[in-house]
Amino acid sequence: MNTSKNPIRVRFAPSPTGYLHVGGARTALYNYLFAKANGGTFYLRVEDTDRKRFNEDALRDLFRDLRWLGLDWDEGAEQGGELGPYYQSERLNIYAEEVKRLLEDDKAYHCFCSEERLAEVRAAQEKSGQAVTGYDRHCRNISLSEAQQRLENGEKSVVRLKVPLDGTTVFHDQIRGEIVYQNTVLDDLVILKRDKFPTYHLASVVDDYYMQTSHVMRGDEWISSTPKHVLLYDALGWEAPIFCHLPVILAAGGGKLSKRHGAASVGDFRDLGYLPETLVNFLALLGWNPGDEREVMSKEELIECFSIDRISPTSAAFDEKKLLWMNGQHIRLSDDSLLLEKLKEDLPEIVPEESLEGVSNAKLLHIVQVLKSRINFLNDLAPMAAYFFVAPQEYDEKAAKRAFREGSLEVSELIINALEELDSFETEVVEGAFKKVCETHNRKLGQLVHPIRVAVSGTGVGPGLFELLSLVGQKEVIARIKKAQPLMQ
RNA sequence: GCCCCCAUCGUCUAGUGGCCUAGGACUCAGGAUUUUCAUUCCUGCAACAGGGGUUCGAGUCCCCUUGGGGGUACCA
């Protein structure tokens, strides 16, 4: 089938009813990558045809999250474009026009059935154990003129599509191949609701046509609606776009990914300290691969090699362990200046203001550099850097127990003496002092290093000790060692 | 109930009939480097859901079973 429709125009079409789920984010990402990879257009359309569920905050968050991920749209909401409006609620006249045409062409009809009757029909079908085939087409033969008469008399109706009573509807899914439906299992779907708003089915078909959508890439929960859409395109006399149904993203256990099981939305992961680069990279690889063994990739690299052919039809579990690893990778790749900004932003929340006075950029940058390989989250940076500015209030129990042992008091005394004599506190100088103590007093470096590390930083983990000491500064280092001496034996 | 989709290590995946004694990544376990931790590097554990076909040959094609998921709305 045609894979090279030109020009490429794809969309992300969320309904503003909730937060941006990672599954939705991946759908948006694949559309974005596909557009960018082919010099096409990526547009954003807001599917707000359900007035009961519309949520202003959700919409605002959606835009924010998409932009945070770097998935800027070329046309659409808040952006404008030739083929708008991009809010379905502003396109009611367009849908009304098409519905009128369908009615006149005898491709659709007014249905006056009450919700109660519909419920009864459904209940009877379920009870019978037979196939539940939906609406029983009770109003299918009401003529347009009769319907108009009844409407004038004040009756309310919905409009339904006249689905063929037999035959099959076939479409080609770009990542799954041919999919066939017997028309007998399809019912006469509602296309215009009682409130005169279109249903999703009508609105998306009409919009995808007028907005010249070349490919519809959406979640695979839409597969079973697709034959209805194909029938709608037929009835309207339009050629359908190419369909690509994306597999779902599952939770680690295999079930549905939801906030109940932890993070599920883009906002959740941002709050946790994940980088947008990480999420983009990770999501891209959940159901797609570049065809070689690359894994850590930038958005630009993804664009460069993205193709629909390499999307897998299999649903995938969201493995947060790998996401964590990947975040570490992207942190290591990211610019020091970005980490520096983050550190400056977070530090005041952890460290008293006066401890930060007069601290140079160079020092902060140095701290960033020694911590960079030790963090997996941006949010870990400041807490891990705190002891460079304030003395530890307590000592990690395990580390202290291991480090403060027999002889450490004596060792600390030797170190204090050696450090007090230094004129410079550069890393190499400090290291030299330690080595000299080792030699003259016949000690192993490890015997000196561990108690001093815990005394100065309060923890057993961290950057190279000499670098650490240099960063903390001579006077403060000596003071901290003295403060810890009572705990040593 | 009916319809549709899916099925390779625990997880993400490569694999489009012979190159597969199934490759990579995460995790996990060892090891190297290092003053600690982390990074980095090396090694190892670990999979074609089951059964039938087709074929000289099947992870790869077909069918069935099983398992998972979705749909069956005047929600998207």
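To find a chain, count down the sequence lines: A is the first, B the second, and so on, and within it residues start at 1.
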*Mind checking whether A:N55 and A:P16 have side chains closer than 4.5 Å, heavy atoms only?*
no
*asked:* Within the 4.5 Å heavy-atom criterion, are A:Y210 and A:E98 side-chain neighbours or not?
replied: yes
Using the side-chain heavy atoms of [X], tell me which of these nucleotides is nearest: [options].
X	options	value
A:T314	B:C26, B:C4, B:A7	B:A7
A:V158	B:U39, B:C74, B:C4	B:C74
A:L445	B:U35, B:G70, B:C3	B:U35
A:E115	B:C74, B:U13, B:A76	B:C74
A:P313	B:C26, B:A7, B:A76	B:A7
A:V190	B:A14, B:C74, B:U35	B:C74
A:R53	B:G70, B:A14, B:A76	B:A76
A:E295	B:A14, B:U35, B:G24	B:G24
A:L118	B:C5, B:A25, B:C74	B:C74
A:E293	B:G70, B:U35, B:G23	B:G23

*Take the protein atom CD of A:E467 and the nucleotide atom C1' of B:A38, then report the distance between them rounded to whole Å.*
13 Å
*What is the distance, rounded to the nearest whole Å, between atom CD of A:Q329 and atom P of B:U39?*
9 Å
Phosphate OP1/OP2 of [N]: any [X] side-chain N/O under 4.0 Å:
X	N	result
A:N289	B:U13	no
A:Q369	B:U39	no
A:T17	B:C75	no
A:K193	B:A73	no

*Count the heavy atoms of every other residue, nucleotide or ligand shown that sit under 6.0 Å from CG of A:N93, and state whether that count exceeds 12.*
yes
Separation between the [atom1] atoms of [N] and [M], rounded to whole Å:
N	M	atom1	value
B:A22	B:G59	P	11 Å
B:G53	B:G69	C1'	28 Å
B:U55	B:C41	P	49 Å
B:G52	B:C45	C1'	33 Å

_salt_bridge(A:R176, A:D220) N-O dist < 4.0 Å_ = yes
Assigned partner base of [N], Watson-Crick or wobble definition, under 3.5 Å:
N	answer
B:C2	B:G71
B:C20	none
B:C48	none

_Aromatic centroids of A:W325 and A:F282 separated by under 6.0 Å_ = no
*Mind checking whether A:Y30 and A:F306 have ring centres under 6.0 Å apart?*
yes
*Considering heavy-atom distances to RNA chain B, does A:S157 or A:V185 have its closest nucleotide positioned more toward the 5' end?*
A:V185
*Given RNA chain B, 5'-ward residue of the pair A:R122 and A:D319, judged by closest heavy atom*: A:D319
*What is the nucleic acid contact for A:R176, judged by heavy atoms within less than 4.0 Å: base, sugar-phosphate only, or nothing?*
sugar-phosphate
*asked:* Using only modelled atom types and a 3.5 angstrom limit, is any donor from either the side chain of A:S373 or the base of B:A38 paired with an acceptor on the other?
replied: yes
